[in-house]
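Below: one structure, written as structure tokens.
Here, residue 1 is the first one in the sequence, and each next residue gets the next number.
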Amino acid sequence: MPMTIGVPCETFAGEKRVATVPEVVAKLVQLGFGVTVETGAGAGANFGDEDYRAAGAEIAATAAELWARSDVVFKVRTPTPAEASLLRPGATLIGFIWPAQNPELMQQFAARKATVLAIDSLPRQLSRAQKMDALTSMAGVSGYRAVIEAANAFGRLFNGQVTAAGKIPPARVFIAGAGVAGLAAIGTAASLGAIVRANDTRAEVADQVVSLGGEFVKVNYEEEGSGGGGYARVMSEGFQQAQREMYAQQAREVDIIITTALIPGKPAPRLITAEMVRSMKPGSVIVDMAAEQGGNCELTEPGQAVVRHGVTIIGYTDLASRMARQSSTLYANNLLRLTEELCRAKDGVIDVNMEDDAIRGLTVIHNGAITWPPPPPKLPAVAPAAARPAAAPATAPAKKSGHGHGAGEPASAKSLAIVFGVGALLFWLVGAFAPASFLAHFTVFVLACFVGYMVIWNVTPALHTPLMSVTNAISSIIAVGALIQVAPPLGDDIAGRPGALILGLAVLALTLTAVNMFGGFAVTRRMLAMFRK
């Protein structure tokens with residue numbers, strides 16, 4: 001029997017997001033599920049009850065009715081103990097759970113024999129899990145919103161201008177941490193015209209920072225900072241000291257600082273001290289995106305914007321919720337992709353496959369049994385890559401010792417010689433017995449194949465598609481020329497005019513090739529335009 005997915009109102013103070021949107025409701029119904037939404041659940045994100053009804057959902061009048069009717073519950077914020085008590089025994093809950101921070105809640109769900117999928121526990125290192133990665137979706141929205149909040153509090157233009165009233169210098173923005181949120185902030189600030197600098201403990205993100213229009217600021221200390229699951233790791237005391245010195249210098253120079261440094265399950269590291277805040281220019285702004293976990297700035301007050309030493313310090317913990325419609329849509333799409341993985345049969349019934357690495361990582365409670373933390377996911381792509389180079393040297397000498405010469409390179413050279421020999425023989429036969437006119441055309445054909453191969457082989461892969469469009473158009477021109485050459489001798493009737501069949505084919509060919517030619521060049525022009533800034 002098809003299951004019912006329930007979407008309750010979020011009870012967390014100030015939370016405006018909703019776990020699904022009308023557009024996604026229609027897709028869940030197509031998967032075979034019934035969908036019930038608590039009345040007013042989407043009001044904060046500007047989705048009305050009528051929008052949900054039109055998409056195929058039913059509306060529940062109260063939270064108790066919603067939870068009682070739902071086999072599967074979609075949530076955004078972690079449920080409160082009161083909400084957890086409303087979950088039907090044996091039902092499934094999907095949302096942000098944070099199992100390490102909520103052990104009592106985990107026990108409460110286990111007592112109800114529930115199955116709980118924590119979207120925050122998704123193994124992000126699996127490429128196929130990216131479509132379900134709600135942490136990334138929310139971080140991207142938060143990074144964008146952080147820049148908007150900073151611009152609102154800054155009181156000056158981000159981009160530099162020269163006007164009749166005077167010269168306006170561009171804002172200088174420093175972003176601590178170049179994860180998903182940091183990269184979103186870099187791109188947003190750069191697009192607004194600011195001079196953007198960024199730092200991260202992971203050296204590999206430097207190219208990403210530069211590609212978004214920022215400048216990567218290195219710490220004068222060599223240490224690798226990559227951790228598991230795409231997060232940075234805790235650095236040594238020597239690195240942290242060098243990092244603090246760099247941050248102190250940036251604080252004196254820039255107008256806006258946005259901090260994003262956070263490791264899940266741990267308090268936010270202190271990056272900006274009170275002394276650094278005092279050294280900033282009056283009117284400067286700090287946006288602390290780690291405020292919910294204590295903050296990266298020593299003077300941050302979670303949930304508030306305060307002014308200290310002439311600097312506005314923004315510690316909002318609801319940045320994603322401040323763009324509720326956008327973030328709700330992204331989150332709903334993440335849950336839809338997860339539901340598609342759980343319901344491959346499209347029969348409205350979910351199947352929690354504990355053999356699937358992505359699903360196993362998400363599942364923190366299965367039928368009342370606590371399964372968190374999960375085992376490390378299998379990463380089959382890494383092992384063969386490491387094994388192949390080691391196996392190759394061991395195999396080659398063995399073949400050499402058995403036959404007195406290697407079977408690898410000599411064998412391939414022998415095969416190549418045979419191919420060339422057969423090809424030379426075929427060319428000799430063609431030259432010896434074919435008519436002179438055919439030989440001329442055949443020579444041009446062979447040379448065209450060789451030149452065409454060499455031209456395409458040396459083209460940058462990114463330009464292959466535009467090149468193919470031009471090649472397609474040129475091929476049409478060649479086809480028309482060939483048709484003109486071939487048609488008269490094959491299609492002349494007694495009067496010396498082309499036959500009706502050949503004439504009809506020629507007109508059709510000309511029409512199709514004209515479309516192909518003009519279309520090929522038009523497509524090429526549009527494709528090449530994408531490579532121009």
Distance (rounded to the nearest 0.5 Å) between Arg145 CZ and Met323 CE:
6.5 Å

Step by step, would you call Arg360 with Glu355 a salt bridge (Lys or Arg N to Asp or Glu O under 4.0 Å)?
CA-CA 7 Å; Arg360 174 64 187 87; Glu355 298 301 317; over 6 Å; no

Could you tell me whether the side chain of Asp200 reaches within less than 4.5 Å of the side chain of Phe216, counting heavy atoms only?
yes

Pair Met289, Leu319 - check side chain to side chain contact (heavy atoms under 4.5 Å, CB included), show working.
CA-CA 8 Å; Met289 295 185 63; Leu319 290 172; 3.9 Å; yes

Enumerate the residue pairs fulfilling side chain to side chain donor-acceptor pair (under 3.5 Å) with a member in residues 127-138, sequence neighbours excluded, ordered by first and then second residue.
Arg124-Asp133, Arg124-Thr136, Arg128-Glu341, Arg128-Asp356, Lys131-Glu341, Asp133-Thr136, Ser137-Asn334

Can you tell me which residue pairs pass the ring pair (Phe, Tyr, Trp, His ring centres under 6.0 Å) test with a partner in residues 318-337, sequence neighbours excluded?
Phe96-Tyr331

Treating Ser321 as the side-chain partner and Lys16 as the backbone partner, does any N or O pair qualify as donor plus acceptor under 3.5 Å?
yes

Look only at the side chain of Asp288 and the backbone of Thr300, and say whether a donor-acceptor pair between them is shorter than 3.5 Å.
no

For a 4.5 angstrom cut-off between non-hydrogen side-chain atoms, does Val72 reach Thr339?
no

Check: Gly40 main-chain N/O paired with Asp49 side-chain donor or acceptor under 3.5 Å
yes

With respect to Ile175, which candidate in Ile257, Val209, Val196 satisfies the side-chain contact (heavy atoms from CB on, under 4.5 Å) definition?
Val196

Main-chain N/O of Ala153 paired to Thr312 side chain as donor or acceptor, under 3.5 Å
no

Residues Arg172 and Glu215 bridged, charged N to O under 4.0 Å
no

Would Lys75 and Glu15 count as a salt bridge (Lys or Arg N to Asp or Glu O under 4.0 Å) if you check the C-alpha gap in whole Å, the side-chain angles of each, and the deciding distance to 0.1 Å?
CA-CA 12 Å; Lys75 278 276 294 167; Glu15 181 58 68; over 6 Å; no

Is any side-chain heavy atom of Val76 closer than 4.5 Å to one of Phe12?
no

Closest non-hydrogen atom pair between Ala324 and Gly44, with its separation
CB-O, 3.7 Å

What's the verdict on side chain to side chain contact (heavy atoms under 4.5 Å, CB included) for Val254 and Val173, showing C-alpha distance, side-chain angles and the deciding distance?
CA-CA 6 Å; Val254 301; Val173 180; over 6 Å; no

Could you tell me which non-hydrogen atom of Ala320 sits nearest to which non-hydrogen atom of Ser327, and how far apart they are?
O-OG, 2.9 Å

Determine whether Arg53 and Ile59 satisfy the following criterion, side chain to side chain contact (heavy atoms under 4.5 Å, CB included), listing intermediate values before the conclusion.
CA-CA 7 Å; Arg53 281 198 184 94; Ile59 303 299; 3.7 Å; yes

For the atom pair CG (Asp318) and CZ (Arg17), what is the distance rounded to the nearest 0.5 Å?
8.5 Å

How long is the span from the NE2 atom in His366 to the OG1 atom in Thr371, to the nearest 0.5 Å?
8.0 Å

Nearest 0.5 angstrom please: Arg270 CZ to Met276 CE, how far?
12.5 Å

Are the side chains of Leu299 and His309 in touch, meaning some heavy atoms are under 4.5 Å apart?
yes

Would Arg325 and Phe47 count as a side chain to side chain contact (heavy atoms under 4.5 Å, CB included) if you check the C-alpha gap in whole Å, the side-chain angles of each, and the deciding distance to 0.1 Å?
CA-CA 8 Å; Arg325 189 178 180 93; Phe47 296 112; 3.5 Å; yes

State whether the side chain of Ser328 and the backbone N or O of Val18 hold a donor-acceptor pair below 3.5 Å, judged by distance alone.
yes

Which atom names give the shortest non-hydrogen contact between Gln243 and Thr201, and what distance separates them?
NE2-CG2, 3.9 Å

From Leu105 atom CG to Thr80 atom OG1, the distance as rounded to the nearest 0.5 Å
8.5 Å

Would you mind reporting whether Leu362 and Val352 have side-chain heavy atoms less than 4.5 Å apart?
no

With no hydrogens and no angle check, is any side-chain donor or acceptor of Asn296 less than 3.5 Å from a backbone partner on Leu271?
no

Without swapping roles, check the side chain of Asn333 against the backbone of Val24 for a donor-acceptor pair under 3.5 Å.
no

Nearest 0.5 Å please: distance from the CZ atom of Arg244 over to the CD1 atom of Ile272.
11.5 Å

